[in-house]
Every structure is written in C-alpha cells, then in structure tokens.
> 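Just passing along the structure, written as structure tokens.
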Amino acid sequence: MRIVPKVAAMQKLARRWKRAGVKIGFVPTMGYLHAGHLSLVREARQRVGKKGVVVVSIYVNPTQFAPTEDLAQYPRDLKRDLKMCHAVGVDIVFTPSDTEMYPGRQNRKSEIGNRKSFSTYVVEENLGRGMEGAARPVHFCGVTTVVAKLFNLVLPDVSVFGQKDFQQAAIIKRMVSDLNFPVQIIVAPTHREPDGLAMSSRNKYLDVEQRAQAVILFHALQAAKNAVVKKSLSAAKLKEDLRRFITAAPLARLDYIEFFDPETLLPVAQVKRGAHMALAVYFGKTRLIDNAQL
Ligand code: PAF
C-alpha cells in the first residue's frame, strides 16, 4: 500500500494506470474509517478485480462545512485509518493537505476579488435544494467541488458511495451525468450497528445515553415502513406521528423528516410503499442522518 499526499503525484500515477489500461476503483472518504467504509472498499475491489487498483482518499474537506459546523472537531486518526486500509487491500491512500487541495483558499468572502485565491466551485442546482441542502446551505457545493477535483486527480473508472448519504449520492450521480465525468457511480447499502444505528464517523461524538437513544432513527424508518405496507398515508400525518415517536426519546431533537420520490428527490404528499424517507435528528450538538426506501 502506498500513501500519496501530493496532488501532482496522485495525478501522475492515475495517468500512468490509464495508459496501461489498469482499472481504477475509488472510495472518497473524510477518514475516521469504520466498517461501512470498508464495505465500500470491498465493493470497489470487486468492481475492478485483482488486476485493478483501489484508491481511498482521506481528506476532511473544509468547503463542505459551514463556519458553525464541526470541521475543527471532526474525528481524525490517520494511523488507524491506514492500518484499516492496509488490512482490506487498498493499493493507494491519497491524503492531500488543504494547501494541496485548495491553494490560496482563505474563506469565501475574502476570495471575492482575490486573484490568487481558489475561486471555482461546482454547484448542482436542483437535487440539493431540500433536506440536507436546506439544513446545510454550503454543504453540497463543497461536496461536488471536492469530488469533482478528486475525480480529476484519481481518474476513477468506478467510484463507490454509501447509501447513508442518499442525497449526496444522487447529487454526485447528477454531476457525473451533467458534466460528463467518465466514471460509474455505485451506491452501496448502509452499514449498520447490530441494533440498527447507521455507521457514521460522527457516532463517536455520542455519549452512552445518546448512543442508546440514537437507534430511534432506525426505529422511525422501520415504523414508517410498517405503516405503509398495506395503505398509503398523508405525509403530513405520518410526519406528525413520527415526530412524536422520535421525541419520546428524551435526548432526541428532530431536525427534519422528509418523504420523497427517490429519483427527483421531490417531496410527496401521499406516502406509499417505494417512497423514500430521510431524517435528521440532533443528540446534543451531534446531528445524525439516515434514510430508507419504504
Ligand atoms: O461522504 C463523505 O465522506 C464526503 O462528503 C466526501 C464524499 C468524501 C466528500 O468530502
């Protein structure tokens, strides 16, 4: 396994593989890896085969965090991440620094009129409006920008994302289609703890009581699934029932619940089997998300 911290070296390697016809599988991450990430790596390996290469990027991307969010506290443990990557047969771990990824970048305001600063962003204008996009206004622009940059550096044939970030995966697929990136996007199932909590690097922030109650997100998805098995229900009524269900966990503070069409991500007024549900719930300062097809 090779660790590549430099943008130029990553791009040189990727170009060499391309010329040699080697297939490149890519899993972009922000590190603090868990079993969910490793399942994405296994999926990438399966797609490119033994003769292909699997690249994992570890980069906590500042442009997808608002100033009020948890960029500074985001958990980091590169040594542990590298061990995990090695154990699952990753070929390259790309670990760029902020100055490698965004040379000259300060913050968005001071970038205006600053000719030396980083100033090009990728914006998806449709699928990113609701849910996470509404709750975190700068988030998806940062995600699409960094993923576009990573695709240009790693030149993947296939890239694997987790379904836990369903809206993110939909936006990346749209970006790839709209901007003609020659990469296949695979969305792999959400990996869960034995009690059903979706694996996330942010689960680390939870204290013991919060962790015990955090399973309410999974239970709310299950309750919604059961409610629409045989009949369709008004979204407003189902939201209200689930709001009460979730806030029965005393440490839970509901941010949003949405029912939507999985293709357009537009909200539906009537919820039936096959609709998609997503939710975000705070435990203290920690914001957890989850989603499922009903
Ligand atoms: O899902 C994530 O971990 C991040 O949003 C990603 C795709 C690595 C971009 O920074």
Side-chain angles (χ1 to χ4, degrees), residues 1-61 64 74-98 100-101 143-166 168-173 175-177 179-192 198-201:
M1 187 176 85
R2 186 167 158 190
I3 301 156
V4 179
K6 296 286 181 197
V7 155
M10 183 67 248
Q11 209 164 27
K12 201 166 153 191
L13 266 178
R15 283 192 183 139
R16 198 188 305 153
W17 290 325
K18 277 278 174 254
R19 279 196 300 274
V22 175
K23 280 220 171 317
I24 306 172
F26 178 44
V27 180
T29 82
M30 299 209 298
Y32 211 74
L33 303 180
H34 50 66
H37 292 111
L38 303 186
S39 71
L40 307 184
V41 171
R42 288 193 192 96
E43 181 68 42
R45 171 60 69 198
Q46 247 189 352
R47 300 274 167 170
V48 300
K50 279 195 188 128
K51 289 189 179 153
V53 289
V54 173
V55 179
V56 168
S57 63
I58 296 180
Y59 179 58
V60 184
N61 171 40
Q64 68 190 75
Y74 197 85
R76 292 160 169 90
D77 190 341
L78 185 60
K79 213 167 142 190
R80 176 174 158 277
D81 288 346
L82 293 176
K83 265 193 199 157
M84 290 170 87
C85 286
H86 187 254
V88 288
V90 170
D91 298 296
I92 300 285
V93 187
F94 179 43
T95 57
S97 63
D98 287 343
E100 279 289 304
M101 286 302 276
V143 171
T144 43
T145 300
V146 81
V147 172
K149 284 169 71 64
L150 290 167
F151 283 175
N152 282 333
L153 298 173
V154 176
L155 306 177
D157 296 283
V158 51
S159 184
V160 189
F161 291 79
Q163 150 141 18
K164 188 185 74 79
D165 297 295
F166 185 87
Q168 165 174 282
I171 289 169
I172 300 293
K173 277 201 235 162
M175 175 188 82
V176 160
S177 155
L179 301 186
N180 310 97
F181 279 96
V183 53
Q184 184 189 7
I185 302 298
I186 305 295
V187 183
T190 303
H191 225 72
R192 296 186 179 277
M199 287 193 184
S200 162
S201 306

> What are the two closest heavy atoms between Val183 and Ser159, and how far apart are they?
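Taking every non-hydrogen atom into account, CG2-N, 3.8 Å.
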> Heavy atoms, side chains only, cut-off 4.5 Å: are Ile58 and Met30 in contact?
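Ile58 vs Met30: side chains apart.
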> Would you check, one step at a time, whether the test side chain to side chain contact (heavy atoms under 4.5 Å, CB included) holds for Gln184 with Val176?
CA-CA 8 Å; Gln184 184 189 7; Val176 160; over 6 Å; no
> Would you name the heavy atoms of Ser57 and Leu150 that are closest together and state the gap between them?
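In this case the closest contact between Ser57 and Leu150 is OG-CD1, 3.9 Å.
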> If I compare all heavy atoms of Lys50 with all of Arg45, which pair ends up nearest, and what's the gap?
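Minimum heavy-atom contact is O-NH1, 4.1 Å.
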> Report yes if the side chains of His191 and Ser39 come closer than 4.5 Å at any heavy-atom pair, otherwise no.
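Touching, per the 4.5 Å side-chain cut-off.
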> Supply the atom-to-atom distance Phe161 CZ to Ile172 CD1, rounded to the nearest 0.5 angstrom.
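Output value for this atom pair is 4.5 Å.
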> Minimum heavy-atom separation for Met101 and Val146, please, with both atom names.
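Heavy atoms only, the tightest pair is CE-CG2, 3.8 Å.
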> Distance from Lys23 atom NZ to Arg47 atom CZ, nearest 0.5 Å?
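Output value for this atom pair is 12.0 Å.
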> Nearest 0.5 Å, please: how far is OG1 in Thr145 from CE in Met175?
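With rounding to 0.5 Å, CE (Met175) is 8.5 Å from OG1 (Thr145).
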> Nearest 0.5 Å, what's the CD1-CZ distance between Ile92 and Phe26?
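Here the rounded value is 12.0 Å.
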> Cys85 pairs by side-chain contact (heavy atoms from CB on, under 4.5 Å) with which of Thr29, Leu33, Asp91, Ile3?
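Output: one option passes, namely Leu33.
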> Could you tell me whether a side-chain N or O of Arg16 sits under 3.5 Å from a main-chain N or O of Ala20, the two making a donor and an acceptor?
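No; judged by distance alone, with no hydrogens or angles, the pair does not exist.
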> Starting from the C-alpha separation in whole Å, work towards a yes-or-no answer on side chain to side chain contact (heavy atoms under 4.5 Å, CB included) for Tyr32 and Val60.
CA-CA 10 Å; Tyr32 211 74; Val60 184; over 6 Å; no
> Looking at CG of Leu155 and CZ of Phe181, how far apart are the two atoms once the value is rounded to the nearest 0.5 Å?
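One finds 10.5 Å between CG of Leu155 and CZ of Phe181.
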> Do Tyr74 and Arg76 come close enough that some side-chain heavy atom pair is under 4.5 Å?
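Yes, side chains in contact.
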> Specify the closest pair of heavy atoms between Val160 and Ala188, including all atoms of both residues, with the distance to one decimal.
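That would be CG1-CB, 4.0 Å.
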> How long is the straight-line distance from CG of Leu13 back to CZ of Phe94, given to the nearest 0.5 Å?
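It is 10.5 Å, given to the nearest 0.5 Å.
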> His37 vs Met84, test: side chain to side chain contact (heavy atoms under 4.5 Å, CB included). Steps then yes/no.
CA-CA 10 Å; His37 292 111; Met84 290 170 87; over 6 Å; no
> Taking the side chain as C-beta and beyond, is there a heavy-atom pair between Asp157 and Lys18 under 4.5 Å?
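Counting from C-beta outward, Asp157 and Lys18 do come under 4.5 Å.
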> Check Thr190 against Lys164 and note the closest heavy-atom contact, atom names and distance.
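Result for this residue pair: OG1-N, 3.2 Å.
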> Heavy atoms, side chains only, cut-off 4.5 Å: are Val55 and Val90 in contact?
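In short, these two side chains do not touch, never coming nearer than 4.5 Å.
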> Starting from the C-alpha separation in whole Å, work towards a yes-or-no answer on side chain to side chain contact (heavy atoms under 4.5 Å, CB included) for Trp17 and Val53.
CA-CA 9 Å; Trp17 290 325; Val53 289; 3.7 Å; yes
> Check whether any side-chain heavy atom of Val93 sits under 4.5 Å from a side-chain heavy atom of Val4, and report yes or no.
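Side-chain contact under 4.5 Å: no.
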> Taking the side chain as everything from C-beta on, heavy atoms only, tell me whether Val48 gets closer than 4.5 Å to Ile24.
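Counting from C-beta outward, Val48 and Ile24 never come under 4.5 Å.
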> Is there a donor-acceptor pair under 3.5 Å between the side chain of Glu100 and the backbone N or O of Val7?
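Yes; at least one donor-acceptor contact below 3.5 Å.
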> Compare all side-chain heavy atoms of Asp77 with those of Lys83 and state whether any distance is below 4.5 angstrom.
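Not in contact.
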> If only atom types and distance count, is the side chain of Gln11 paired as donor or acceptor with the main-chain N or O of Asn152 below 3.5 Å?
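Side chain of Gln11 to backbone of Asn152: a pair is present.
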